[in-house]
Amino acid sequence: MATEEQQDPFTAVETLKTALAGAGIVLPSLAVDIASPALKLVELGRVRADVAARLAEKLRKGGQE
């Protein structure tokens, strides 16, 4: 696992998109925050309430069905 200093935000976004897609979840606004490149921030964005609830349920279950 990469340390915080080594983590590329673009790779992090793609990894998260892939993991979420595997769980049937799409965060439409998921992207790298290009306004603050030194901080390497990932913008999770806004989601509908049903998507947030599904994400929470997946996290509670550890990503398993």
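The two residues P28 and V47 make their nearest non-hydrogen contact at CD-CG1, 4.4 Å. Nearest heavy-atom pair across P9 and V42 is O-CG2, 4.1 Å. When all heavy atoms of S29 and G45 are compared, the closest pair comes out as CB-CA, 3.5 Å. Here the shortest heavy-atom pairing between Q7 and K40 reads O-CD, 3.5 Å. Closest non-hydrogen pair, K17 versus L30, comes out as CG-CD2, 3.2 Å.
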Report task. Assess whether side-chain contact (heavy atoms from CB on, under 4.5 Å) is satisfied between V51 and V26, documenting all intermediate values. Result -> CA-CA 8 Å; V51 174; V26 175; over 6 Å; no
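For the pair R60 and E57, the salt-bridge criterion is met [side-chain N within less than 4.0 Å of a carboxylate O].
Atoms CG and CG, from L44 and L27 in turn, are 6.5 Å apart once rounded to the nearest 0.5 Å. Rounding to the nearest 0.5 Å gives a distance of 11.5 Å between CG of L55 and CG of D50.
Among V32, D33, I34, the single residue meeting the side chain to side chain contact (heavy atoms under 4.5 Å, CB included) criterion with L41 is D33.
Connection of L59 to L16 is established within a shared hydrophobic cluster, with ILVMFWY side chains joined at heavy-atom distances below 4.5 Å, either directly or through further cluster members.
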